[in-house]
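Data first, discussion second: the structure below is written as structure tokens.
The model shown is predicted, which means the values in this text are computed figures rather than measured ones.
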Amino acid sequence: MKMLENVKISDLTTMRIGGKAELVVEVFDEKDVREAYEVAYERRLPAFVVGNGSNLIGRDEGFRGVIIKNEIGANFHCTTDGAKRQYLPDENGVFDVPSGVVMDEFIHAVAAEGWSGMEAMAKIPGTIGAAPVQNAGAYGQEIKDVLMSVRVYDVAKREFREISADECKLGYRRSIFNSGDDVYRYFITSVKVRLSREKLVPPFYNSLQKYLDENKITDFSPLKIYDAVAAVRSSKLPDVATEASAGSFFKNLNVNNEEKARLRGIGVEVWDESDGGKNTVPSGWLIENTGLKGKEFFGFVVSEKAALILINKNARSYADLEKARNAISEAVFAKYGVRLEQEPVEIKV
């Protein structure tokens, strides 16, 4: 366990804004996790968990509390080199992965060995422990499709236990870890996923299918799909290592059938895919068709590649982000009568 005082949250998040955290505790195993929460108890401070910060937003006032930075397995590099392989499934194809492992590194390693189930989630930034929190997903796959269970530290009971996939209550960008009465109650220490030897079959998600067709790719092995998704994503999304961004900034919207009819009546794209009996409106379409692609708002730019992405060009404060978010949301509301919702989580009590 490593403790650091007065750390800039802007240095812990890929959007690169935010004041200072009173205390940052880096944890490397379950013993560290328990001790980190004991530090928070003793100092009577709130605790907030951070992985690589790719889906988090810091606020100007900082965080008067303990940020617990997940480093469990962070140096546990994936490899496909025979005896050096560090990821071995059980007889049912279930992998037990430390929560601080970079998800994309794990996906690439297992796809290279012919394991299917997560290859379409290639290049999603973040740790695998963060994936169940928002039910990470892309190009037709979500973590809920393969999740078996997570091992957690239960902050309320001060004990470690297993939570099944069903108990996680995964939906579109939600789970018990980010919504409901148990938000911040659990620290995920490992994730169990069940993968398959079966290849995916077409038709695929539209942009992925287009890439496969244009490049005459008919091999749908996990590694080939991984490479194709990586290529599609790189053509659309900024690299958070070089451009300050929190990934997709606005959630897609869920609407009922009455609202679907209204929106389609004014030319809005609405997907018949459903979540909880509701239809899906792609927020990127709304932003782009409001004419905001490439526009700058208070130091933030709506990405030319994908309108869901906000890039921090020269902003230094959450106040600037708040103004940019509101300006974009109001423009979309004025044209289409729907409100956008921010996807990244804010670090606050």
Side-chain angles (χ1 to χ4, degrees), residues 2-26 45-71 102 123-127 130 133-134 173 178 184 234 236-251 283-284 287-288 290-333 339-349:
K2 184 177 181 181
M3 298 175 62
L4 305 166
E5 295 183 347
N6 297 317
V7 177
K8 292 180 180 178
I9 294 174
S10 57
D11 291 339
L12 301 176
T13 60
T14 57
M15 187 60 101
R16 299 174 198 164
I17 58 173
K20 291 182 179 181
E22 183 167 325
L23 184 65
V24 172
V25 180
E26 296 178 353
L45 294 174
F48 192 97
V49 178
V50 171
N52 73 351
S54 60
N55 195 50
L56 295 174
I57 300 295
R59 296 170 68 100
D60 295 339
E61 63 267 27
F63 184 66
R64 190 178 180 279
V66 179
I67 286 183
I68 302 177
K69 191 168 190 315
N70 185 6
E71 300 285 353
V102 175
K123 297 301 179 182
I124 292 180
T127 60
V133 176
Q134 284 207 316
R173 302 298 175 262
N178 68 1
Y184 309 134
S234 67
K236 291 184 173 184
L237 306 176
D239 182 351
V240 295
T242 57
E243 293 185 279
S245 165
S248 295
F249 190 80
F250 294 102
K251 295 180 182 180
S283 293
I287 296 167
E288 181 172 352
T290 304
L292 303 182
K293 212 171 185 182
K295 301 292 186 181
E296 182 170 347
F297 299 88
F298 306 100
F300 292 89
V301 174
V302 178
S303 174
E304 287 278 12
K305 292 182 177 181
L308 271 183
I309 308 296
L310 270 187
I311 298 172
N312 181 359
K313 285 295 185 183
N314 50 44
R316 292 292 178 268
S317 72
Y318 175 84
D320 289 333
L321 178 63
E322 187 173 36
K323 288 185 286 188
R325 179 187 64 215
N326 291 344
I328 294 166
S329 183
E330 287 301 322
V332 169
F333 181 78
R339 293 285 184 188
L340 298 178
E341 183 180 348
Q342 177 177 308
E343 181 173 322
V345 176
E346 296 184 3
I347 300 176
K348 60 183 180 180
V349 178

With sequence neighbours excluded, tell me which residues meet side-chain hydrogen bond (donor to acceptor under 3.5 Å, both in side chains) with Ser329. none
Checking the side chain of Asn178 only, and the main-chain atoms of Arg173 only, is there a donor and an acceptor separated by less than 3.5 Å? yes
Partner set under salt bridge (Lys or Arg N to Asp or Glu O under 4.0 Å) for Arg64, not counting sequence neighbours: Glu22
I'd like to check the ring pair (Phe, Tyr, Trp, His ring centres under 6.0 Å) partners of Phe297; sequence neighbours left out, ordered by chain and number. none
So which pairs with a foot in residues 290-308 pass salt bridge (charged side-chain N to carboxylate O under 4.0 Å, His left out), sequence neighbours left out? Glu288-Lys293
Check the angle between the aromatic planes of Phe63 and Phe48 and answer parallel, tilted or perpendicular using the 30° and 60° thresholds. perpendicular
Using salt bridge (charged side-chain N to carboxylate O under 4.0 Å, His left out), reason through Arg339 and Glu341 one step at a time and then give a plain yes or no. CA-CA 7 Å; Arg339 293 285 184 188; Glu341 183 180 348; over 6 Å; no
Within this structure, what is the CE-CG distance for the pair Met15 and Asn55, rounded to the nearest 0.5 Å? 10.0 Å
Salt bridge (Lys or Arg N to Asp or Glu O under 4.0 Å) partners of Glu26, counting only residues at least two apart: none
Indicate whether any N or O donor in one side chain lies under 3.5 Å from an N or O acceptor in the other, for Glu61 and Tyr318. no
Residue pairs passing the side-chain hydrogen bond (donor to acceptor under 3.5 Å, both in side chains) test where at least one lies in residues 5-17, sequence neighbours excluded: none
Counterpart residues, salt bridge (Lys or Arg N to Asp or Glu O under 4.0 Å), relative to Lys2 (two or more places apart): none
By ring pair (Phe, Tyr, Trp, His ring centres under 6.0 Å), Phe333 pairs with (sequence neighbours left out) none
Set of side-chain hydrogen bond (donor to acceptor under 3.5 Å, both in side chains) partners for Lys348, sequence neighbours left out: none
Criterion side-chain contact (heavy atoms from CB on, under 4.5 Å) on Met3 and Leu23, from CA distance to verdict: CA-CA 7 Å; Met3 298 175 62; Leu23 184 65; 3.7 Å; yes
Please name all residues satisfying side-chain hydrogen bond (donor to acceptor under 3.5 Å, both in side chains) with Asp320, sequence neighbours left out, ordered by chain then number. Ser317
Could you measure the distance from the CG atom of Asp239 to the OG atom of Ser245? Nearest 0.5 Å is fine. 10.0 Å
State which residues pass side-chain hydrogen bond (donor to acceptor under 3.5 Å, both in side chains) with Glu243; sequence neighbours excluded, sorted by chain then number. none
Considering residues at least two apart in sequence or located in another chain, which fulfil the salt bridge (Lys or Arg N to Asp or Glu O under 4.0 Å) criterion with Lys20? none
